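Accompanying notes for the structure given below.
The structure presented is a predicted model; accordingly, all values stated were derived computationally and were not measured. As the structure lists them, so they are numbered: ligands from 1, and atoms in each ligand from 1.
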Amino acid sequence: MRDPTAFLKQEYDDLVRQEIDWRLKVLDGPSTPWCTVDGKKVLMFCSNNYLGLSNHPKLKEAAIEAVKTHGAGSGSVRPIAGNMDIHVELEKRLAKFKGADASLVYQTGFAANAGLIPQLAGQGDLIISDELNHGSIIDGVRLSHAERGVYKHGDTEDLARVLDNADRAEKPPRRILIITDGVFSMDGDIAPLDKVAKIGAEHGAMVYVDDAHGEGVLGEGGRGIVSHFKLSRSMVQVEMGTFSKAFGVVGGHVSGSKDLVSFAYNKSRTWLLSGSHPPAVVAACLAAVDVLEHEPQHVKRLWDNTARFKKAMKDMGFDIGRSETPITPVMVGESGKAKKLSARLYDLGVFALPIVYPMVAQGKARIRTIMNAALTNEDVDFAVNAFQKAGKELEII
Ligand code: PMP
């Protein structure tokens, strides 16, 4: 009889043959600058924990305390019996931090994009997306019944072209939604959100930014890309983000008007049908907002470390692409070479993973480094020396 599960092994073996399967590394203990990965002490150079908050004492204490006062789980989805006082408090604190009228917390950033985007635009509408937007946006768009348009990465002239075509169509779209990442996760460049918002306003389109990599990084005290460009809420109506990166915990969120939030929680299926965050997570997120408000030194330190690393890498002759943020890709080109560079860096005590096809285009393989505020100058120089040694050995510089 035919085995109905045979495809599982076949497809997995295929990935292994093409060397594009994930071989998971194991982190023993917390995500700290020096940590243990697969049993070896290494410098963490690829985590999204930009500000080192995942192991901050205030976050850990808040999580422990919340377990004592509120228990281990929430018991339900938010609309039924899982809406605790601390969930509501977190949303109020976040909205205040963001300078928005209201915020809504989702279980993850992925759940925010997959749950909200398909509700904002449907049949007869148009969603226009930057070609390098994150996979969770792409999936959110796929779940929508709207028409789809894509503009060239960061190219606002191309965005204007797509919008002009839509305006001239025999049956123009009922609503238009423009979506862009704030900081692009593979290249570390910043979206021209000021121009996107202006063009959006000219065409009566709604603008949605995914600021997963801009929060805690850009803007006043790490308030994100909307603050970075000093844009008004009437120009960027949906600001989405995540607690899983600079905030150091887990959870997605959306900020904007009160109307947006009431709409979002009544309509997003990922929010309505999935259990709410356990108290420890909510309390740690609250503590993270508090740390960002009261300890601005982390954001400053992140940028100082970033500048030190980028300068040293450029001086040595590495190609660091178009990065403008703490995400610094070290361009290598060929996938095999990027993998060799990552392996050699690990030998030398630096943990930074290769990003290869199909995650990036053929010939654009790289090591994606992500800076962390908790690194000392000596730590940054340690990484620079390792890159120099490995880069020379592999004839990259
Ligand atoms: N958007 C972007 C740009 C991201 O990089 C990520 C995380 N990889 C997400 C959304 C999803 O966020 P989360 O980890 O909270 O699901």
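At least one side-chain heavy atom of Lys58 sits under 4.5 Å from a side-chain heavy atom of Glu295. Side-chain contact between Leu193 and Val207 is present, with heavy atoms from C-beta onward closer than 4.5 Å. Looking at heavy atoms from C-beta onward, Thr306 lies out of side-chain contact with Thr325 at the 4.5 angstrom threshold.
Within 4.0 Å of ligand 1, heavy atoms belong to protein residues Thr108, Gly109, Phe110, His134, Ser136, Asp181, Asp210, Ala212, His213, Thr242, Ser244, Lys245.
Residues Phe184 and His153 bring their aromatic ring centres within 6.0 Å. Taking the six-membered ring wherever Trp is involved, the centroid distance between the rings of Phe382 and Phe45 does not fall below 6.0 Å.
Applying the salt bridge (Lys or Arg N to Asp or Glu O under 4.0 Å) test between Asp187 and each of Lys364, Arg368, Arg322 identifies Arg322 as the sole match.
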